[in-house]
Amino acid sequence: MAPEAATEPLLIAPPQRRPGYRALRLAVTVLVLLLLLLSAAGPLRPRLFGPPQERVPLTLLAGAAEKGAVCLDGTSPGYHLQRGSGDGANNWLVHLEGGGWCSTVEECSNRRTTAFGSSNFMKPIRFAAAILDGDQLQNPDFYNWNKVYVRYCDGASFSGDAEGQAHDGTMLHFRGLRIYEAVIHELMEKGLANATQALLTGCSAGGLAAILHCDDFSARFSQQVSVKCLIDAGFFIDVKDISGDRSFRSLYDGVVHLQNVSKVLPKDCLANKEPTECFFPAELIKSICTPMFILNSGYDSWQIRNVIVPGSSAPDNSWLSCKDNIRNCTSTQIEVLDGFRNTMVNDLKVVEDKEDWGMFIDSCFTHCQTLSRISWNSPTSPRLGNKTIGEAIGDWHSGRSHGVKDIDCKYPCNPTCSSLLPS
């Protein structure tokens, strides 16, 4: 909407004043002022007043079949590349898409009819969200970087290397590791090898993938290159659900063994623990050397719905209401969620001893905060230490501030946790 369209009716006096006109005019005025106030703050400005972002086409991986680097259905995987400019021309941000996992042949077979299992269903996308945004006001630290959005079509966080057979007799290709390696290799040929700064990011299952591949990604560059990793909502916790079962560990166990993810797991962890335990971030981060920033909610909405209160736990109506919206939770239920949060905080203690690492653990009922303008760097963004997520990550990445390791107090202590956040 152009600003003229919003304000012009307010500049023309009506010939008559019908009943209720004054109230209507006041409501419209308040609405326009609110929109102008939000747009002036920066993050909503492009959406309200600027030209729409162009869609970035899908680039299919060259020679995918020959490399064995294919989606679940055997189609070529893909990515979206938007070139950088100015002082960001040699800086690269590579984002690994998330989208859950498939732990059984049936689940993986079902994904073949979606963009999470086949490039036949992948469409062009707009780089108009938060850390991918090209608006300097919204995203001052990364706006003009080369940005890559790698599509997720293997169902195992870009980590599997196996094959299976669907119930209809067709092949299932569990080649996430090969996809990751082939895409990074192709990007290196397209300029990533000349990067002066490189940042590997991911959200949710893509966040787990970024943890798994962080050191490998860093090892591809010389020591003169600044390489870091950003993990958004990828710190999944190994805890019991409300029925007392470890249903989420069972899901991970299915992924690990069906898709053979052991090649990406730390050898020091595998020497002492089962592969499924080594697939959890709490174990993975103990072995990682590359500087990393962990962004997560202590009350992660996806994990509350799928780890703490999964459908298999047979939740009653009160739990169904609670996992739908944390504001509906009783004090007893909040105690359970506090236990989840406490486990996460305890698992993250190892980060305190990692000098170049950072973290931002808020107490908002949300999931994936680097891909939402509302949560990234806007008037409604969660704040810790009076910094938005975008500001905290920017300060950590650029070295403007040392010790960016913030953990929020328990819910509902943080007034900046807005109901508008993605959940």
Side-chain angles (χ1 to χ4, degrees), residues 55-82 94-125 148-190 192 200-213 216-217 220 234 251-265 275-276 279:
R55 292 186 181 273
V56 179
L58 177 71
T59 299
L60 293 177
L61 177 70
E66 292 81 357
K67 299 168 184 174
V70 293
C71 297
L72 286 168
D73 70 338
T75 55
S76 299
Y79 58 88
H80 307 265
L81 168 60
Q82 186 177 69
V94 179
H95 180 89
L96 304 177
E97 184 182 31
W101 306 270
C102 57
S103 60
T104 66
V105 166
E106 182 179 8
E107 290 173 355
C108 293
S109 184
N110 290 338
R111 289 171 78 102
R112 294 181 301 170
T113 58
T114 74
F116 291 120
S118 172
S119 59
N120 289 334
F121 301 94
M122 296 176 186
K123 306 296 183 184
I125 64 172
V148 186
Y149 189 88
V150 185
R151 300 303 293 266
Y152 177 42
C153 64
D154 64 276
S157 289
F158 295 90
S159 64
D161 192 12
E163 285 188 339
Q165 191 173 55
H167 295 313
D168 61 5
T170 58
M171 293 299 297
L172 284 170
H173 305 271
F174 307 127
R175 301 299 188 187
L177 175 56
R178 297 192 190 190
I179 291 172
Y180 160 78
E181 291 177 338
V183 167
I184 296 300
H185 178 77
E186 185 165 298
L187 293 174
M188 295 293 275
E189 294 180 339
K190 292 188 173 184
L192 179 59
L200 181 67
T201 79
C203 164
S204 196
L208 175 61
I211 298 176
L212 289 163
H213 295 301
D216 173 83
F217 182 74
R220 295 169 185 264
L251 183 150
Y252 265 15
D253 190 62
V255 174
V256 166
H257 290 95
L258 176 68
Q259 300 215 31
N260 182 29
V261 308
S262 58
K263 291 182 181 179
V264 303
L265 301 178
T276 299
F279 199 53

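As a basis for the values below, the full set of heavy atoms in this structure was taken, side chains included, without hydrogen atoms, waters or symmetry mates.
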Peer 1: Please round to the nearest 0.5 Å and tell me the distance separating atom SG of Cys108 and atom NE2 of His173.
Peer 2: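 Spacing of SG (Cys108) from NE2 (His173) equals 12.0 Å.
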
Peer 1: Might you point out which heavy atoms bring Leu265 and Pro275 nearest each other, and give the distance in Å?
Peer 2: CD1-O, 3.4 Å

Peer 1: Does Val264 form a side-chain contact (heavy atoms from CB on, under 4.5 Å) with Tyr180? I'd like the steps, not just the answer.
Peer 2: CA-CA 11 Å; Val264 303; Tyr180 160 78; over 6 Å; no

Peer 1: Nearest 0.5 angstrom please: Lys263 NZ to Ser159 OG, how far?
Peer 2: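 It comes to 11.5 Å.
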
Peer 1: I'd like to know if the side chain of Thr104 and the backbone of Glu107 have a donor-acceptor N/O pair within less than 3.5 Å.
Peer 2: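 Side chain of Thr104 to backbone of Glu107: a pair is present.
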
Peer 1: Only one of Asn120, Thr170, Leu172 forms a side-chain contact (heavy atoms from CB on, under 4.5 Å) with Asp73, so which one is it?
Peer 2: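 For Asp73, the side-chain contact (heavy atoms from CB on, under 4.5 Å) test succeeds with only one of Asn120, Thr170, Leu172, which is Asn120.
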
Peer 1: How would you list, by chain and number, every residue that makes a salt bridge (charged side-chain N to carboxylate O under 4.0 Å, His left out) with Arg55, sequence neighbours excluded?
Peer 2: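 Arg55: no salt bridge (charged side-chain N to carboxylate O under 4.0 Å, His left out) contacts found.
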
Peer 1: Hey, are the side chains of His167 and Val105 touching, using non-hydrogen atoms and a 4.5 Å cut-off?
Peer 2: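 The answer is yes, as the side chains (C-beta and beyond) meet within the 4.5 Å cut-off.
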
Peer 1: Is there a side-chain contact between Val70 and Arg178 in this structure, where contact means two heavy atoms from C-beta onward sitting under 4.5 Å apart?
Peer 2: no

Peer 1: Taking side-chain contact (heavy atoms from CB on, under 4.5 Å) as the criterion, tell me which of Val255, Leu72, Asp161, Val261 meets it with Phe174.
Peer 2: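 Among Val255, Leu72, Asp161, Val261, the one that satisfies the side-chain contact (heavy atoms from CB on, under 4.5 Å) with Phe174 is Leu72.
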
Peer 1: Measuring from Cys153:SG to Phe158:CZ, what's the distance to the nearest 0.5 Å?
Peer 2: 7.0 Å

Peer 1: Using the rule given for side-chain contact (heavy atoms from CB on, under 4.5 Å), can you reason through Arg112 versus Thr75, listing the C-alpha separation, both sets of side-chain angles and the distance that settles it, and then say yes or no?
Peer 2: CA-CA 10 Å; Arg112 294 181 301 170; Thr75 55; over 6 Å; no

Peer 1: Measuring from Leu96:CG to Ile179:CD1, what's the distance to the nearest 0.5 Å?
Peer 2: 11.0 Å

Peer 1: Can you label the angle between the Trp101 ring and the Tyr252 ring as parallel, tilted or perpendicular, going by 30° and 60°?
Peer 2: perpendicular

Peer 1: Taking all non-hydrogen atoms of both residues, which atom of Asn260 and which atom of Ala162 are closest, and how far apart?
Peer 2: CB-CB, 4.0 Å

Peer 1: Which pair of non-hydrogen atoms, one from Arg151 and one from Lys123, has the smallest distance, and what is that distance?
Peer 2: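 Closest approach of Arg151 to Lys123: NH1-O, 3.3 Å.
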
Peer 1: Do Tyr152 and Pro77 have side-chain heavy atoms sitting under 4.5 Å apart?
Peer 2: no

Peer 1: Distance-only criterion, 3.5 Å: show the donor-acceptor pairs between side-chain atoms of residues 200-209 and protein atoms not counting sequence neighbours.
Peer 2:
{"unit_1": "Thr201", "atom_1": "OG1", "unit_2": "His95", "atom_2": "ND1", "d": "2.7"}
{"unit_1": "Ser204", "atom_1": "OG", "unit_2": "His367", "atom_2": "NE2", "d": "2.9"}

Peer 1: I need the minimum non-hydrogen distance between Leu258 and Cys102, along with the two atoms involved.
Peer 2: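 Scanning both residues completely, I find the closest heavy atoms to be CD2-O, 4.3 Å.
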
Peer 1: Can you find a heavy atom in the side chain of Val56 that is under 4.5 Å from one in the side chain of Tyr149?
Peer 2: no

Peer 1: Do the side-chain N and O atoms of Thr114 and Arg111 include a donor-acceptor pair separated by under 3.5 angstrom?
Peer 2: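 Checked: Thr114/Arg111 side chains show no N/O donor-acceptor pair below 3.5 Å.
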
Peer 1: Drop me the distance from Leu61's CG to His185's NE2, to the nearest 0.5 angstrom.
Peer 2: 9.5 Å

Peer 1: Return the CG to NE2 distance between Leu177 and His213, rounded to the nearest 0.5 Å.
Peer 2: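 If we round to the nearest 0.5 Å, Leu177:CG and His213:NE2 are 6.0 Å apart.
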
Peer 1: What residues form a salt bridge (charged side-chain N to carboxylate O under 4.0 Å, His left out) with Glu186, not counting sequence neighbours?
Peer 2: Lys190

Peer 1: Heavy-atom distance under 4.5 Å between the side chains of Asp253 and Phe279, does that happen here?
Peer 2: no

Peer 1: Specify the closest pair of heavy atoms between Lys67 and Ala182, including all atoms of both residues, with the distance to one decimal.
Peer 2: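 Closest heavy-atom pair between Lys67 and Ala182: CD-CB, 4.1 Å.
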
Peer 1: Which pair of non-hydrogen atoms, one from Pro124 and one from Pro57, has the smallest distance, and what is that distance?
Peer 2: CB-CA, 4.1 Å

